[in-house]
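In what follows, every heavy atom counts, from backbone to side chain, and hydrogens, waters and symmetry copies are set aside.
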Amino acid sequence: MKQTAQVVAIAVAAIIALFGAANGSDALFRAHFGILFIVLVLAAFLLLRREEKPTDDPDAYMDGPIKYGTIATLFWGVVGLLAGVAIAAQLAWPELNLEPYFNFGRMRPLHTSAVIFAFGGNALICTSFYVVQRTTRARLFGGDLAWFVFWGYQLFIIMAATGYLLGSTQSKEYAEPEWYVDLWLTIVWVAYLLVFLGTILKRKEPHIYVANWFYLSFIVTVAMLHVVNNLALPVSLSGTISYSAFAGVQDALTQWWYGHNAVGFFLTAGFLGMMYYFMPKQAERPVYSYRLSIVHFWSLIFLYIWAGPHHLHYTALPDWAQTLGMVFSVMLWMPSWGGMINGLMTLSGAWDKIRTDPVIRLMVMALAFYGMSTFEGPMMSIKSVNSLSHYTDWTIGHVHSGALGWVGMISFAAIYFLVPRLFGAKQLYSLRLVNWHFWLATLGIVVYAAVMWVSGIQQGLMWREYDPEGFLVYSFAESVAAMHPYYVLRALGGLLYLAGALVMVFNIYMTIKGRIRDEAPLVTQHPTPAPAE
């Protein structure tokens, strides 16, 4: 597709958006499509200003979308973390809620979606495009379709984020955007599947490396989850409101089948694909056990899909379904730790690199958090434990130890690996800044998770405390007041993690500029002592 065709397509879309902004049947729809019109006009203007370059070598790797993807990953990561620090501060100091657009109720889905889908999604898209080309020795399939995936996904993020702040939501956890945004994401995701699968089908390498299996399972399963969970009938094609195809307990079960498997395939399988490529490359060691990676893959994807009902313990969901979710969740512990062990044992013979390479440290810490959170999750799915932990901050600590400890750390490491190679730099600007990032991020998430574990258990115990007459000892308001010091410390932990991300942004910027910092090595090499006489 030539640049002229792209401009025409964007112009047509802008006219449709303008029509929606002028004739929408409700104010939210008009406002949202007005934002879409402005974004599309700016996109067309920037595209017209860009000089059309000669066509790339048809046999060379297509790294343009990957370069943009690394930058988008960092940008949305900072946005998501900043929103997280803001809402943590709002919980500690409620007067920071700014009505109507920047209150906790609208900022919270902005934070979760920005971290999971904007930061995590861009990391997965750009690394999967990099990995599939290198492991198949084939250029991305579909010509400019990869560019459509990248820019189409950015448009989805903007529409979802602005919708949250405007108050446009269908109130489904991790699936808040309304029907027209869901439709757009479906189109983009199908294009993503075509690019990835098409590249594998035209591969020059007969073997399909295991990282591609994990990436492909993530793409296919997320497509299925998204389509089924968001089946809805709009009230009007020019209005925001839609009605879900499901209701009652069926809606709840479908939602948490989606919600837990979004964690299982978006935040686990996809990033395991990342780990299986970048860990061996950075360590310069082969994968510890290819056989274990295959067993890990098939057992993980079979078991994960059944675990969603553990989110609905002690609800109207039939007891057998709750128990089914619990049993499969406990079974998940084994394949999950198979992946962790395979990653860590890849360092066999190269453990000294932890002393000298902070990128390896990030990867090891990511695997440590992956192992911890995939043990904690099955434990929390057990009904007796869940009766204490559910609806408390313990769940928040668990989610963030996985999201920031596993997803964040492995994504940071992958970008540190990619940027010098993509932008032609000899090395990263500063390894010492990577080390600073590692310690800030580690300290931040340890403070955050530990504080939430303590506050969550305290919440659960306060809520179930009865006096001799059978009355609750504490009111809900008293339990909220008791959380204040923990919420202050949580904001501090998030601030430390954000500070580490900002250090990374500066480091990556200077690397892209081609600068190399003059600094002492991380480990001072001492002379080998002479043997005793």
Rounded to the nearest 0.5 Å, the CG atom of D144 sits from the CH2 atom of W151 at a distance of 13.0 Å
Would you say the ring centers of F19 and F37 fall short of 6.0 Å from each other? no
Sub-6.0 Å ring centroid separation between F129 and F196: no
Smallest separation among heavy atoms of P335 and H296, with atom names: O-CD2, 2.8 Å
Do side-chain atoms of R106 reach the backbone of Y101 as a donor and acceptor pair under 3.5 angstrom? no
Can you check whether R137 reaches Y61 side chain to side chain, under 4.5 Å on heavy atoms? yes
Within the 4.5 Å heavy-atom criterion, are M510 and L433 side-chain neighbours or not? no
Using the ring of F33 (Phe, Tyr or Trp, six-membered ring only), decide whether R30 places NZ or CZ under 6.0 Å from its centre and within 45 degrees of its axis. no
Do H398 and S373 have side-chain atoms, one donor and one acceptor, less than 3.5 Å apart? no
Any side-chain heavy-atom pair from T511 and P420 closer than 4.5 angstrom? yes
Would T240 and D26 count as having a side-chain donor-acceptor pair, cut-off 3.5 Å? yes
Pair F438, Y416 - check ring pair (Phe, Tyr, Trp, His ring centres under 6.0 Å), show working. CA-CA 12 Å; F438 169 79; Y416 280 128; over 10 Å; no
Give a yes or no answer on whether the side chain of T268 reaches the backbone of F265 with a donor-acceptor pair at less than 3.5 Å. no
Is the backbone of I66 close enough, under 3.5 Å, to the side chain of D63 for a donor and an acceptor to pair up by distance? no
Please walk me through it: do M274 and L124 pass side-chain contact (heavy atoms from CB on, under 4.5 Å)? CA-CA 8 Å; M274 197 182 293; L124 287 167; 4.1 Å; yes
Does the side chain of W76 come under 3.5 Å of the side chain of Q154 through a donor N or O and an acceptor N or O? yes
From Y174 atom OH to F117 atom CZ, the distance as rounded to the nearest 0.5 Å: 8.5 Å
Minimal heavy-atom distance between L225 and A262, with the atoms involved, is CD1-N, 3.9 Å
Of all residues at least two apart in sequence or in a different chain, which pass the side-chain hydrogen bond (donor to acceptor under 3.5 Å, both in side chains) check with S113? Y164
Quick one: does N122's side chain have a donor or acceptor within less than 3.5 Å of a partner on A118's backbone? yes
Short question: side chain of R421, backbone of F417 - any donor-acceptor pair under 3.5 Å? yes
According to the interplanar angle, ranging from 0 to 90°, do the rings of W213 and W298 count as parallel (below 30°), tilted (30 to 60°) or perpendicular (above 60°)? tilted
State, yes or no, whether a side-chain contact exists between Y130 and L418 at a heavy-atom distance under 4.5 Å. yes
Expected output: side-chain N507 to main-chain V503 donor-acceptor under 3.5 Å: no
Distance, nearest 0.5 Å, that separates CG of L428 from CD1 of I512: 10.5 Å
Has S242 got a side-chain atom pairing as donor or acceptor with P234's backbone, closer than 3.5 angstrom? no
Neighbour count >12 (heavy atoms, 6.0 Å) for atom OH, Y180: yes
For W257 and W306, indicate whether the former's side chain and the latter's backbone hold a donor-acceptor pair under 3.5 Å. no
Please find the pair of heavy atoms, one from H32 and one from G163, that lie closest to each other, and give the distance. NE2-N, 3.3 Å
Check V85 against L495 and note the closest heavy-atom contact, atom names and distance. CG2-N, 3.8 Å
Six-ring centre of F423, K67 cation under 6.0 angstrom, axis tolerance 45°: yes
For the residue pair E178 and T169, establish whether any side-chain heavy-atom pair is separated by less than 4.5 Å. no
Indicate whether the side chain of Q170 and that of N230 have a donor and an acceptor atom separated by less than 3.5 Å. yes
Please examine the side chains of F148 and I187, heavy atoms only from C-beta on, and report whether any two atoms are closer than 4.5 Å. yes
State, to 0.1 Å, how close V359 and A413 come at their nearest heavy-atom pair, and which atoms those are. CG1-O, 3.7 Å
Donor + acceptor pair across side chains of N261, T221 (<3.5 Å): no
Answer with yes or no after comparing the ring centroid distance for H310 and F328 against a 6.0 Å cut-off, counting only values under it. no
Exercise: do Y215 and T127 side chains pair donor with acceptor under 3.5 Å: yes
Y192 side chain to S128 side chain, donor-acceptor N/O pair below 3.5 angstrom: yes
Side chains of E376 and W394: is there a donor and an acceptor less than 3.5 Å apart? yes
Should the heavy atoms of other residues, nucleotides or ligands under 6.0 Å from CH2 of W256 be counted, would the total exceed 12? yes
How far does CD1 of I415 sit from CE of M504, to the nearest 0.5 angstrom? 4.5 Å
Full working for side-chain contact (heavy atoms from CB on, under 4.5 Å) between I116 and V263: CA-CA 9 Å; I116 297 171; V263 173; over 6 Å; no
Flag the pair L332 / T374 as yes when at least one side-chain heavy-atom distance between them is below 4.5 Å, and no otherwise. no
No-hydrogen, no-angle side-chain donor-acceptor test under 3.5 Å, Y487 and D393: yes
For a quick check under 3.5 Å, do T186 and H226 share a side-chain donor-acceptor pair by atom type? yes
Work out which heavy atom in A449 is nearest to a heavy atom in G397; give both atom names and the distance. CB-O, 4.1 Å
Centre-to-centre under 6.0 Å for F218 and W189, is that the case here? yes
Side chains of H437 and Y497: any donor to acceptor distance under 3.5 Å? no
Between H111 (side chain) and G80 (backbone), is there a donor-acceptor pair under 3.5 Å? yes
Could you go through the side-chain contact (heavy atoms from CB on, under 4.5 Å) check for T136 and F141 one step at a time? CA-CA 12 Å; T136 61; F141 172 79; over 6 Å; no
Interatomic distance, N103 atom CG to Q90 atom CD [nearest 0.5 angstrom]: 7.0 Å
I want to check something: taking the side chain as every heavy atom from C-beta on, are P309 and L317 in contact at a cut-off of under 4.5 Å? yes
Matching residue for F214 among F297, Y209, F271 - test: ring-ring contact (aromatic ring centres under 6.0 Å, His included): F297
Return the orientation label for the Y370 and W406 ring planes: parallel under 30°, perpendicular over 60°, tilted otherwise. tilted
Quick check for you: to the nearest 0.5 Å, what is the distance between L155 atom CG and L40 atom CG? 6.0 Å
Any chance the rings of F156 and Y153 have centres within less than 6.0 Å? yes
For Y68, look at atom OH and say whether over 12 heavy atoms of other residues, nucleotides or ligands are found less than 6.0 Å away. no
Just by distance, do the side chain of Q255 and the backbone of E173 share a donor-acceptor pair under 3.5 Å? yes
Would T442 and L362 count as a side-chain contact (heavy atoms from CB on, under 4.5 Å) if you check the C-alpha gap in whole Å, the side-chain angles of each, and the deciding distance to 0.1 Å? CA-CA 9 Å; T442 301; L362 282 166; over 6 Å; no
